[in-house]
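Worksheet for the structure shown next.
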Amino acid sequence: MNVTVASSLALLSLVVSLNPITAASGGKDLEGDIAAGIAGSERQLMLDVMKNIPEEERENVIYIDDNGQVYANKPELKDVFVKTDPSADHTVTVNGGEKFTLLNESTKVRQQAAPSAITPLAGYACGNAGGPYRRVFSQPGYSWWSGKVYLPSSTNNEVYVNNTNSNDTPYIYTGGHASNGASEVDAGFQYSKTYNNWAHSIFTGGQYYHNTSFRFKAGQTLTFKYYVPADGQVALYAAGVRYDNNAADNYTVVTNAAGWKKSGAGNEIKRITAIASNDPQPYDTGSYLNNVKWSASMIGTSSTSNHQWLAADTGGYCSYPNSTQVSTSFVNAGEETVNIKMN
């Protein structure tokens with residue numbers, strides 16, 4: 001699918017830093033956030049990554065480097081994410097044999113806008129992306145978003161997947177692209193029909209990473225953040241109730257993403273609700289995704305410099321293929337409820 005993926009999992013943050021951290025730069029405080037079992041160069045790497053993350057988001061931190069190597073501040077987190085290679089039909093098969101279709105906006109043709117001092121590649125085309133979707137994207141100039149999103153549940157008849165032939169896959173995610181057009185990021189949650197839960201996933205730089213555990217329970221509202229902790233990095237944080245133990249938990253996942261600026265210059269942030277599908281239009285498999293409520297959306301350049309996401313911050317909206325299959329209950333640019341039906 002062609003829409004920017006990033007789906008599922010539990011809560012992650014992606015970060016990397018080139019300058020070794022010292023006690024004077026906050027290393028003393030950070031030391032307590034890293035388990036004793038993380039030592040040597042691996043410990044130093046996590047110190048470098050975590051120094052750019054807010055203190056309240058350092059409990060469970062995972063960092064994925066350019067080679068797909070996974071690091072974490074706790075040994076038990078190092079096996080949470082795995083790299084999975086997409087097949088030619090835009091699907092991936094993960095642990096347990098589950099097969100998912102990907103939404104892939106990284107190869108999608110972007111809408112060309114008039115030349116700008118900020119970015120020559122502004123906005124997104126509202127066109128075929130491999131399934132029905134709703135997209136809201138910002139004006140250029142932002143590097144931080146925070147909000148809440150409801151994860152639908154089959155128990156409440158809010159989501160149904162008919163993947164007999166199409167491998168339909170619901171997604172709820174954020175991300176965006178950078179000023180040079182090189183780094184499309186899809187980071188968020190992917191629905192599992194098998195388990196009725198939502199897993200964290202990240203798609204960037206042509207690489208797909210899937211959370212193999214710590215999935216979030218369906219039928220709840222998550223706290224969700226996406227931001228640039230340092231130039232060339234992006235982080236995704238999520239907090240909610242886990243599927244496996246029914247306990248509240250949170251995670252931050254960090255990864256490298258070329259071109260993203262902490263200042264916000266040239267960055268455009270998006271919010272996506274979608275069903276990726278290999279079924280051709282008119283999208284009539286019978287799958288649906290209802291009651292996806294986005295709320296409390298704040299946008300800016302940091303946790304201390306942000307404001308409510310409203311019309312003036314918005315670059316555009318798209319409900320594809322039409323407002324019948326993709327409908328919204330619109331409150332404002334940062335709050336709406338999305339319903340998608342493939343029939």
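The analysis underlying the following values was restricted to heavy atoms, covering all of them including side chains, and did not include hydrogens, waters or symmetry mates. Model, not experiment: these values are computed from the prediction.
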Inset, instruction - For the residue pair Q281 and P321, establish whether any side-chain heavy-atom pair is separated by less than 4.5 Å. - result: yes
Inset, instruction - Output yes when E31 and R43 qualify as a salt bridge under the 4.0 Å nitrogen-oxygen rule, no when they do not. - result: yes
Legend entry - Aromatic W309 / basic R271 pairing, under 6.0 angstrom, 45° off normal: yes
Legend entry - Presence of salt bridge, E42 and K78, under 4.0 angstrom: yes
Inset, instruction - Please work out whether the ring planes of F203 and Y208 are parallel, tilted or perpendicular, with thresholds of 30° and 60°. - result: tilted
Legend entry - Side-chain heavy-atom pair V161, T169 within 4.5 angstrom cut-off: no
Legend entry - T91 and S87: side chain donor to acceptor below 3.5 Å: yes
Legend entry - Any Y227 side-chain heavy atom under 4.5 Å of S143 side chain: no
Inset, instruction - Give, for atom CD of Q207 and atom CG of D85, the distance between the pair rounded to the nearest 0.5 Å. - result: 6.5 Å
Inset, instruction - Walk me through it: do E158 and Y150 pass the test side chain to side chain donor-acceptor pair (under 3.5 Å)? - result: CA-CA 11 Å; E158 295 164 328; Y150 176 76; 2.8 Å; yes
Legend entry - Whether over 12 other heavy atoms sit under 6.0 Å from E55 CD: no
Legend entry - Carboxylate-amine/guanidinium contact R134 E336, below 4.0 Å: yes
Legend entry - Criterion side chain to side chain donor-acceptor pair (under 3.5 Å) on H307 and D313, from CA distance to verdict: CA-CA 10 Å; H307 55 272; D313 306 298; 2.8 Å; yes
Legend entry - S302 (side chain) donor-acceptor with S305 (main chain) under 3.5 angstrom: yes
Inset, instruction - Answer with yes or no after comparing the ring centroid distance for Y226 and W260 against a 6.0 Å cut-off, counting only values under it. - result: yes
Inset, instruction - Over all heavy atoms of both residues, which pair between P152 and W198 is shortest? Give the atoms and the distance, please. - result: O-NE1, 2.9 Å
Inset, instruction - State the CG-CG distance between N156 and N291, to the nearest 0.5 angstrom. - result: 8.5 Å
Inset, instruction - Return the minimal non-hydrogen interatomic distance between S153 and V159, and the atom names on each side. - result: C-CG1, 3.5 Å
Legend entry - Name of the residue among D33, N73, D249 meeting side-chain hydrogen bond (donor to acceptor under 3.5 Å, both in side chains) with N60: D249
Inset, instruction - Supply the atom-to-atom distance K217 NZ to Y243 OH, rounded to the nearest 0.5 angstrom. - result: 10.0 Å
Legend entry - Y191-F100 aromatic ring centre distance below 6.0 Å: no
Inset, instruction - Test the K225-Y237 pair against the cation-pi criterion, namely NZ or CZ under 6.0 angstrom from the six-membered ring centroid and within 45° of the ring axis. - result: yes
